[in-house]
Amino acid sequence: MSARFITLEGIDGAGKSTHLSFIAEWLAQRGIETVFTREPGGTPAGERLREMLLARESHLSLDTETLMMFASRQQLVADVIRPALEAGKWVVSDRFTDATFAYQGGGRGVPEARIAVLEEWVQQGLQPDLTLLLDVPQAVAGARMAASRELDRFEVEKADFHQRVRETYLDRAARYPRFHVLDATRDIPAIQHEIGAALSRLAGVS
Ligand code: TMP
């Protein structure tokens, strides 16, 4: 079975972690060798960039923030994603470039065309085969987050920021067929049933 590249996206509080464990189990049960990674991060340099990007005390200009996301991504593509795919493994990334379009683009206002330049520079045509978008209204995600832990530099943004991030994700999902939008307000088994079906299609098994 040939290599596949899957990304998982959604606004903060959409429930990615829960579903990542399910995806890991699903792939392991079928003997599909998979590399799991995350963005920003996933390499030693990327994890250091992540710390700076998420720390509430970091004062980053918008362009610096955007370039750091792509610096982390470049290292990840070169050191982890391409080698894994070339070795025939599957790759699952907790976020990828759609997050930059959604957060830095939709959320903060970086023009889409500027992000697209960096996307081409760093990815040179590499795109996910499947992007699972966990979609929830901002109010639902916000309530989940408030209940959980200390918030990072993105999570502390106001509701209208997260609303714009969500709308940008949905807009991209309508444009690119690689997206599979999941209504993440439903109960966990219902969502996971649908994720399993999407993975089966991708794997070419039923
Ligand atoms: P996480 O909490 O899902 O691990 O993601 C870290 C945060 O980084 C999350 O709030 C979204 C944000 N982010 C961006 O703003 N741009 C990006 O390109 C990526 C990958 C993440």
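Whatever order the structure lists them in is the order used to number ligands and atoms, beginning at 1. Keep in mind that what you see is a predicted model, and the values were worked out from it rather than measured.
Ligand 1 is surrounded by Asp12, Lys16, Glu39, Pro40, Arg50, Leu54, Met69, Arg73, Arg95, Ala99, Thr100, Tyr103, Gln104, Phe154, each with at least one heavy atom closer than 4.0 Å.
Scored by the side chain to side chain contact (heavy atoms under 4.5 Å, CB included) test, Ala45 finds Thr43, Gln75 as partners (sequence neighbours excluded).
Pairs engaging residues 19-32 under the side-chain hydrogen bond (donor to acceptor under 3.5 Å, both in side chains) rule: His19-Gln192 [sequence neighbours left out]. Among residue pairs with one or both ends in residues 46-57, those qualifying as side-chain hydrogen bond (donor to acceptor under 3.5 Å, both in side chains) are Arg38-Glu47; sequence neighbours excluded.
The shortest distance between side-chain heavy atoms of Asp12 and Tyr103 falls below 4.5 Å. In this structure the side chain of Leu130 never reaches within 4.5 angstrom of the side chain of Arg4, judged on heavy atoms.
Taking all atoms of both residues into account, the shortest heavy-atom contact from Gly106 to Thr168 is CA-OG1, 3.2 Å.
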